[in-house]
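This report refers to the structure that appears directly beneath it.
What you see below is based on every heavy atom in this structure, not just the backbone, and it leaves out hydrogens, waters and symmetry mates.
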Amino acid sequence: MNKKVLSVLVDNTSGVLNRVAGLFSRRGYNIDSLTVGETENPKYSRMTIVVSGDDDVIEQIIKQISKLEDIKRVDLLEAGNSVTRELILVKVKTDAAQRQQIVAMTEIFRANIVNVAKDSLMIEITGGPSKISAFLSLLEDYEILELVRTGITGLSRDTK
């Protein structure tokens with residue numbers, strides 16, 4: 001199964017998210033990640049949807065989404081022709097001995113420490129999927145208290 005990233009330009013109206021999510025639900029497709037935000041034009045929002053499936057399933061998803069009334073454009077973000085990023089916040093339990101190791105690790109990954117508490121650090125990191133995965137694998141040696149991910153968002157490099 002392939003993971004694909006869809007960039008969907010939609011009218012910024014109430015109910016459009018529900019209609020898109022409902023389409024996935026009715027067809028039995030899973031949404032791996034979904035982010036939505038207003039674009040440079042407040043009349044439109046952009047949904048970035050990560051889905052899994054073979055090429056036929058992805059093609060069917062694109063066709064079905066394109067038929068919805070509030071959809072303006074659906075683009076498949078290809079790995080070499082787009083930029084995708086994700087943001088995570090992770091709270092890590094630390095003691096005095098571990099704190100400097102974690103700080104050094106965040107510097108290597110160009111992450112930011114956004115909160116320091118007596119027994120924990122909160123780290124913000126933004127990047128592509130491989131950077132995020134590599135950072136999280138290094139944190140496996142520490143106790144992660146909480147973690148939140150925004151989901152992938154992205155744009156095509158082309159000027160369409």
- Message: Give me each pair satisfying ring pair (Phe, Tyr, Trp, His ring centres under 6.0 Å) with a member in residues 100-119, each pair once, sequence neighbours excluded.
- Response: Phe109-Phe135
- Ile88 and Leu136, any side-chain heavy atoms less than 4.5 Å apart: yes
- Item | Within one Ile-Leu-Val-Met-Phe-Trp-Tyr cluster: Ile65 and Val16, side-chain cutoff 4.5 Å | yes
- Message: Quick check against the 3.5 Å criterion: does Asp95 have a side-chain atom that pairs as donor or acceptor with the backbone of Ala97?
- Response: yes
- Task: Would you confirm whether Ser133, through its side chain, and Pro129, through its main-chain N or O, come within 3.5 Å as a donor-acceptor pair?
- Result: yes
- Query: Measuring from Asn81:CG to Leu155:CG, what's the distance to the nearest 0.5 Å?
  - Reply: 11.5 Å
- Message: Treating Arg27 as the side-chain partner and Leu23 as the backbone partner, does any N or O pair qualify as donor plus acceptor under 3.5 Å?
- Response: no
- Query: Just how far is it from atom CG of Leu145 to atom OG1 of Thr94, taken to the nearest 0.5 Å?
  - Reply: 8.5 Å
- Side-chain contact, heavy-atom cut-off 4.5 Å: Ile123 with Met105? no
- Item | Test item: Val51 and Ile58 side chains (from C-beta on) under 4.5 Å apart, heavy atoms | yes
- Message: I need the Ser120 OG to Ile144 CD1 distance, nearest 0.5 Å.
- Response: 12.5 Å
- Short question: side chain of Asp54, backbone of Asp56 - any donor-acceptor pair under 3.5 Å? yes
- Message: Please evaluate residues Ser66 and Val74 with respect to the criterion side-chain contact (heavy atoms from CB on, under 4.5 Å), reporting the C-alpha separation (whole Å), side-chain torsions for both, the decisive distance (0.1 Å), and the verdict.
- Response: CA-CA 6 Å; Ser66 298; Val74 179; 3.6 Å; yes
- Message: Looking at Arg157, is its backbone amide N or carbonyl O close enough to the side chain of Ser82 to form a donor-acceptor pair, meaning the two atoms are under 3.5 Å apart?
- Response: no
- Message: Are Tyr142 and Ile108 linked, directly or through intermediate hydrophobic residues, by side-chain heavy-atom contacts shorter than 4.5 Å (ILVMFWY only)?
- Response: yes
- Mark yes or no for whether Ser137, through its side chain, and Ala134, through its backbone, hold a donor-acceptor pair below 3.5 Å. yes
- Message: If only side-chain N and O atoms count, and only distance matters, is there a donor-acceptor pair under 3.5 Å linking Tyr29 with Gln60?
- Response: no
- Message: I need the minimum non-hydrogen distance between Ile125 and Lys131, along with the two atoms involved.
- Response: CD1-CE, 3.9 Å
- Exercise: identify the closest heavy-atom pair between Glu86 and Ile132: O-CD1, 3.9 Å
- Is Leu68 linked to Met47 within one hydrophobic cluster, defined over Ile, Leu, Val, Met, Phe, Trp and Tyr using a side-chain heavy-atom separation of less than 4.5 Å? yes
- Item | Verdict with supporting geometry, Val114 and Leu89, side-chain contact (heavy atoms from CB on, under 4.5 Å) | CA-CA 9 Å; Val114 294; Leu89 293 173; 4.3 Å; yes
- Query: Between Val36 and Leu17, which heavy-atom pair has the shortest distance, and what is it?
  - Reply: CG2-CD1, 4.1 Å
- Does Val83 share a hydrophobic cluster with Ile152, counting links as ILVMFWY side-chain heavy atoms below 4.5 Å and allowing steps through other members? no
- Query: Are Leu121 and Leu139 grouped together when hydrophobic residues (ILVMFWY) are joined by side-chain heavy atoms under 4.5 angstrom apart?
  - Reply: yes
- Query: If you measure from CG on Leu77 to OG on Ser156, what distance do you get to the nearest 0.5 Å?
  - Reply: 6.5 Å
- Heavy atoms, side chains only, cut-off 4.5 Å: are Leu138 and Asp141 in contact? no
- Query: To the nearest 0.5 Å, what is the distance between CG (Asp119) and CD (Glu143)?
  - Reply: 9.5 Å
- Query: Using 4.0 Å as the upper bound for N to carboxylate O, is an ion pair formed by Asp70 and Arg19?
  - Reply: yes
- Query: Any chance CG of Asn41 has more than 12 other-residue heavy atoms, nucleotides or ligands included, within less than 6.0 Å?
  - Reply: yes
- Item | Minimal non-hydrogen separation, Lys93 against Ile102, with atom names | O-CD1, 4.5 Å
- How long is the gap from CD on Gln101 to CD on Gln98, to the nearest 0.5 Å? 6.5 Å
- Task: Determine the minimum heavy-atom distance between Val20 and Ile71, stating which atoms define it.
- Result: CG2-CD1, 4.0 Å
- Message: Check whether Thr106 reaches the backbone of Ala111 with its side chain - one donor and one acceptor, N or O, closer than 3.5 Å.
- Response: no
Only pairs under 3.5 Å count here: list side-chain donor-acceptor contacts from residues 3-12, not counting sequence neighbours, and write none if there are none.
{"residue": "Ser7", "atom": "OG", "partner": "Arg46", "partner atom": "NH1", "Å": "3.1"}
{"residue": "Asn12", "atom": "OD1", "partner": "Ser45", "partner atom": "OG", "Å": "3.2"}
{"residue": "Asn12", "atom": "ND2", "partner": "Glu38", "partner atom": "OE2", "Å": "3.2"}
{"residue": "Asn12", "atom": "ND2", "partner": "Pro42", "partner atom": "O", "Å": "3.0"}

- Looking only at heavy atoms, what is the nearest atom pair of Leu147 and Val90, with distance? CD1-CG2, 3.7 Å
